[in-house]
Every structure is written in C-alpha cells, then in structure tokens.
Amino acid sequence: MAARRQAGGAIRAGAAPCTVRHDAGGMMDTITVDLGARSYPIHVGVGILDEVGARVREVRSGPRVAVLTGTTVGELYGERVAASLHHSGFDPITITIPDGEEHKNLAWLAFLYDRLIEARIDRDSALIALGGGVIGDLAGFAAATFLRGVPFVQVPTTLLAQVDASVGGKTGVNHPAGKNLIGAFYQPRLVLIDVAVLRTLPRRELAAGLAEVIKYGVILDPALFELLEERLDHVLHGDADLLVQIVGACCRLKAEVVREDETERGYRAVLNFGHTLGHAVEALTEYRRFLHGEAVAIGMAFAARLSQARAHCDAATTQRLRRLLKHAGLPTDVPGDLGPDALAAAIATDKKTRDGKVQFVCIERIGKTRFEYLSGVEIVAHL
Ligand SMILES: NC(=O)c1ccc[n+]([C@@H]2O[C@H](COP(=O)([O-])OP(=O)(O)OC[C@H]3O[C@@H](n4cnc5c(N)ncnc54)[C@H](O)[C@@H]3O)[C@@H](O)[C@H]2O)c1
Ligand SMILES: [Zn+2]
C-alpha cells in the first residue's frame, strides 16, 4: 500500500517492502521521511507513549526537554510521557495550553517562548509536541524559531494529526486575518505515533481524521481505499493492529509526496483534494460548524461530482466515495444555506489562488487524480 514514484509524475499505489513487524507490544511500523540531511523516522505502534524517553534519546537531546500539551491530552497522557522521559534520564517540563484552535495564535506562542526561556531550554533541548494538530503546529513553529531552531519531536494524539499534521514539516499559527498565515517549514527529528491514544479521542474527531485517511486512498492508494471499504467498522471500533497498518500507510504516502515536493511548489497540491471547497465551507461557517475533516468530506464528495460532470470519472467512483464517507459518519452535502456566490467568493480568496484560478484536484478513478485550473465561478457551477 505504499506510494511509488512513477514515470510521468504521478504517485501510485504499489507493493513496497513491508516494514511492519510484530513485537511484544503488538504491531509496529517505521517509516523514514527521506529528506537528505533532514530525514527522520516515524514510528507507529501500540503503547509507544511509554517509549518516548528512550526514543528521544535517539535524537541526542540534552537533559532538559519541554513537553507542550493541551488541557485534555495533558490530563490523560502527560504524566505517562513525563515518567518515560524521567526514566530515560531527562528533566522534562510540561507546558499546558488550553484546548482549542483559538489558542493557536501569537499570544500563546509568546506565552510558550516565555516558559521556554524560564526553563532555560537551549539548542540541545528537544521540544516535544504531545497533542493534536493545534499543539503540533504551535510547538513546531516555536521549535523552528526559538533560538533559531531547537530539536522538535511530534507525538500526535488525534487521527488527523497522526496521518496529516505531524508529517511534512508545516508549522504555524493563525492570525486574525486568516488561518496559518504565520509559519515555517520545519521538520521534526522524530515522530512517535501511539494508536492506542485514539481510544479516548471523541468519535466525531476520529471520523474527521478518517476523512483525511479516505483522501489518501482516493488520491493515491486504491488498496487502502478497498481496505477501508471492507474494514471501516473495525477501524471505528479501534482495532489496534488495523490502525497501525492504516496510519502507517497514510504516513508513508504523505512522506512520499513530501519527499517529492517538500515546500509545496507543485505535486504536493494533490493533497488538497477536497480542500478547495472544504476550506470555503469552513471559512463561511466561521470554523465553528464543521471540523476540518468534515468540511473536507463535503469537499471531496463535491470534487468527485465535479470530476464526474467534467467527464473525468464515472458515476460508480463518485458513489463509492460518498458511500465510504457516509459510512464513516461524515457529511457529504454542501449545506443549503451556503449559496454559490458566497462559496465562489470564498474560493477566490484562498491563498492558493493564482490569476483568479485554483488548481482543483479532480479524480479519474480511485487512486488517480488530475489537476484542472478553474475559477471560483466555474467550480460552483457544479454545486
Ligand atoms: N501542519 C500541517 O500540515 C497540518 C495539517 C492539517 C491540519 N493542521 C492543523 O491541525 C489543527 C487541527 O488538528 P486536530 O484535528 O488534531 O485538532 P486539535 O489539535 O484541536 O484536537 C482536537 C481535540 O481533540 C482533543 N484530543 C486530542 N487528542 C486526544 C486524545 N487522544 N484523546 C482525547 N482527546 C484528544 C484535543 O484536546 C482537542 O480538544 C488545525 O489547527 C490545522 O490547521 C496542520
Ligand atoms: Zn486537511
């Protein structure tokens, strides 16, 4: 189920050497994000939280380390991670930020810098993000900028952060003028993914993460898509081995895309499948009504419909995608109160627009995409 570079520029699924192994703690998968001198491993397994200390040793961090976490995750897992770090001879401090996207901003970044200075964190000290994408983005940007860069470790705890936000090196904070307007590309030294933490993740958050998982299947990996069609109920019930397999597959796919296009100049745009309309839906509903993955699910169902209308894919492909999204408990219809004019205007303000056109990701079949350059008006004509 891993991605493989093909002649002609596309990445398609193919049999790749399997690195999944069974050990005492269950399944374990290791993916290498291959970026030359900045390459790093992603370890996916069950119970990895207890290995954080031993694994951080591998990045040669000094004794002082800072763990940035959110209120809920800190309460659930903070002590376990701190104990693992102590056990490996570290002297960790934990910095807790209140939950919520509204705290991914410059004020909380300043708070974080203050705590890092107080704790005398230096260039040898690892900064560890323990939480969802909000914590990962904030901690990553702090790590990129504090003392011009300190070693960064991601321990993502939402499905979305495990398969998407923690891979690829995008970090940043929001500005009142827009989401993620201030940021940097900064790669972690290590990503540690414990799928067991997904047991405490609210069902709605799990489904939102599944939207990104389904996206990888649609754009790059028909075998992953079929696995989801067959075994989604097991995923929803938290089958740990299956989660290791699926999260590992997604990380491998994203790692391959990022290796091709680290700073998003070209091919990485394929990951925007479902995001053009999804972002517009999120913006028009003020980021309150839908979780990101839910808006992306609506955007993917729409992108399939647009692809079908423009004769890129058949009706069966559109139906398969809609069925899988619905099975995951995700929305697939554009809310009736969002009119075409407002949606077209929101698409036109997307920061990825060039000369009034966006690079819209269409599908040809499950596992194969193509780009079309369309204006907001041309896009909403297919609503
Ligand atoms: N850097 C990237 O490439 C990238 C990609 C996608 C999204 N993002 C960013 O990620 C953010 C969204 O991330 P998210 O969806 O993970 O949301 P989030 O970080 O807000 O987490 C969602 C909620 O889940 C809770 N939570 C997290 N892990 C839990 C667990 N194991 N058990 C119980 N509760 C848990 C958190 O406390 C939070 O309330 C956005 O800011 C988005 O911009 C970044
Ligand atoms: Zn997304």
Side-chain angles (χ1 to χ4, degrees), residues 48-49 68-78 80-81 96-105 108 129-141 143-144 152 154-175 178-188 191 193-216 219 238 243 250-251 254-255 257-258 262-264 268-279 281-283 287 290-300 361:
I48 284 192
L49 279 195
L68 179 70
T69 192
T71 325
T72 304
V73 174
E75 271 170 25
L76 287 167
Y77 303 111
R80 241 175 97 190
V81 169
T96 308
I97 302 255
D99 288 338
E101 179 77 29
E102 67 274 27
H103 301 107
K104 199 180 96 174
N105 64 19
W108 284 97
L130 173 67
V134 165
I135 292 297
D137 279 11
L138 185 64
F141 189 61
F152 177 42
Q154 290 259 31
V155 187
T157 62
T158 63
L159 183 58
L160 181 116
Q162 295 184 344
V163 299
D164 187 2
S166 69
V167 189
K170 282 198 204 174
T171 72
V173 296
N174 300 326
H175 185 275
K179 261 183 67 87
N180 299 322
L181 282 189
I182 301 153
F185 284 98
Y186 191 66
Q187 301 296 344
V191 181
I193 299 180
D194 190 341
V195 299
V197 304
L198 299 176
R199 280 186 210 130
T200 56
L201 189 67
R203 176 72 172 233
R204 192 175 165 202
E205 297 283 352
L206 185 72
L210 274 171
E212 301 283 359
V213 173
I214 292 168
K215 179 190 80 176
Y216 289 114
I219 60 174
L243 280 166
C250 293
C251 290
K254 184 159 181 190
V257 174
V258 169
E262 186 181 359
T263 54
E264 205 169 28
R268 192 165 170 169
V270 70
L271 299 174
N272 289 336
F273 178 66
H275 283 59
T276 305
L277 190 86
H279 283 150
V281 167
E282 279 184 290
Y287 300 93
F290 298 105
L291 295 175
H292 172 71
E294 293 169 340
V296 169
I298 293 170
M300 289 194 289
V361 188

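Whatever order the structure lists ligands and atoms in, that order sets their numbers, starting from 1. All values below come from the heavy atoms of this structure, side chains included, with hydrogens, waters and symmetry mates left out.
Of the N or O atoms in Ile135, none lie within a sub-3.5 Å distance of an N or O in ligand 1. The shortest N or O to N or O distance between Val197 and ligand 1 is under 3.5 Å. At least one N/O-N/O distance between Glu101 and ligand 1 falls below 3.5 Å. For the pair Thr157 and ligand 1, the shortest N or O to N or O distance falls below 3.5 Å. Between Glu205 and ligand 1, not a single N/O pair is under 3.5 Å apart.
Of the protein's non-hydrogen atoms, Gly133 N, 4.2 Å is the one closest to atom 17 (O) of ligand 1. The shortest contact between atom 33 (C) of ligand 1 and any protein heavy atom is with Thr200 O, 3.1 Å. Nearest protein heavy-atom neighbour of atom 3 (O) of ligand 1: Lys170 CB, 3.7 Å. With respect to atom 5 (C) of ligand 1, the closest heavy atom belonging to the protein is Ala165 CA, 3.5 Å. Residue, atom and distance of the protein heavy atom nearest to atom 21 (O) of ligand 1 are Thr158 CG2, 3.6 Å. Looking only at protein heavy atoms, the nearest one to atom 12 (C) of ligand 1 is Leu160 CD2, 3.9 Å. Among all non-hydrogen protein atoms, the one lying nearest atom 18 (P) of ligand 1 is Val134 CG2, 3.9 Å. When hydrogens are left out, the protein atom nearest atom 6 (C) of ligand 1 is Asp164 OD2, 3.5 Å; that is the closest non-hydrogen contact.
Atoms CD and CG, on Gln162 and Leu198 in that order, are 4.5 Å from each other to the nearest 0.5 Å. Note that CE of Met300 is 6.5 Å distant from CZ of Phe273, once rounded to the nearest 0.5 Å. Atom CD1 of Ile182 is separated from atom OG1 of Thr171 by 11.0 Å, given to the nearest 0.5 angstrom. Atoms OG1 and CG, from Thr96 and Leu68 in turn, are 8.0 Å apart once rounded to the nearest 0.5 Å. Of the inter-residue distances, the one linking Asp164 atom CG with Glu212 atom CD reads 4.5 Å to the nearest 0.5 angstrom. Put simply, CG on Leu49 and OG1 on Thr157 are 8.5 Å apart, with the number rounded to the nearest 0.5 Å.
Looking only at distances, no side-chain donor or acceptor of Asn272 sits under 3.5 Å from a matching main-chain atom of His275. No donor-acceptor pair under 3.5 Å is formed between the side chain of Gln154 and the backbone N or O of Val167. Checking side-chain atoms of Lys215 against main-chain N and O of Leu271 turns up a donor-acceptor pair under 3.5 Å. At least one donor-acceptor pair under 3.5 Å links the side chain of Arg268 to the backbone N or O of Glu262.
For Glu294 and Arg204, the salt-bridge test passes: some basic side-chain N is under 4.0 Å from an acidic carboxylate O. The residues Lys179 and Glu101 are annotated as salt-bridged, a charged nitrogen and a carboxylate oxygen being separated by less than 4.0 angstrom.
Counting heavy atoms under 4.0 Å from ligand 1, residue Thr171 does not touch it at all. When non-hydrogen atoms are compared, ligand 1 lies under 4.0 Å from the side chain of Asn180 (C-beta onward) but not from its backbone. Using a 4.0 Å cut-off between heavy atoms, Leu198 makes no contact with ligand 1 at all. Heavy atoms of Asp99 found under 4.0 angstrom from ligand 1 belong exclusively to the side chain.
Under 3.5 Å, the side chains of Asp99 and Thr72 contain a donor-acceptor pair of N or O atoms. There is a side-chain donor-acceptor pair under 3.5 Å between Asn180 and Lys104. For the residue pair Tyr77/Thr69, the side-chain donor-acceptor check at 3.5 Å is not satisfied.
In this structure, atom 9 (C) of ligand 1 is in close contact with the protein, since a protein heavy atom lies within 4.0 Å of it. Protein heavy atoms are found inside the 4.0 Å sphere centred on atom 27 (C) of ligand 1.
Below 4.0 Å from some heavy atom of Thr72 lie the following atoms of ligand 1, by number and element: 34 (N), 37 (O). Atoms of ligand 1 found under 4.0 Å from any heavy atom of Val73, numbered from 1 in the order shown, are 26 (N), 27 (C), 28 (N), 29 (C), 35 (C). Each of the atoms 32 (N), 33 (C) of ligand 1 lies under 4.0 Å from some heavy atom of Leu76.
Evaluated by nearest non-hydrogen atom to atom 42 (C) of ligand 1, the leading choice among His103, Lys104, His292, Glu102 is Lys104.
Closest approach between the Zn ion (ligand 2) and any N/O/S atom of Glu212 involves OE2.
Centred on the Zn ion (ligand 2), the NE2 atom of His292 and the NE2 atom of His275 lie at an angle of 100°, reported to 10°.
Using a 4.0 Å heavy-atom cutoff, Arg199 is absent from the residues neighbouring ligand 1.
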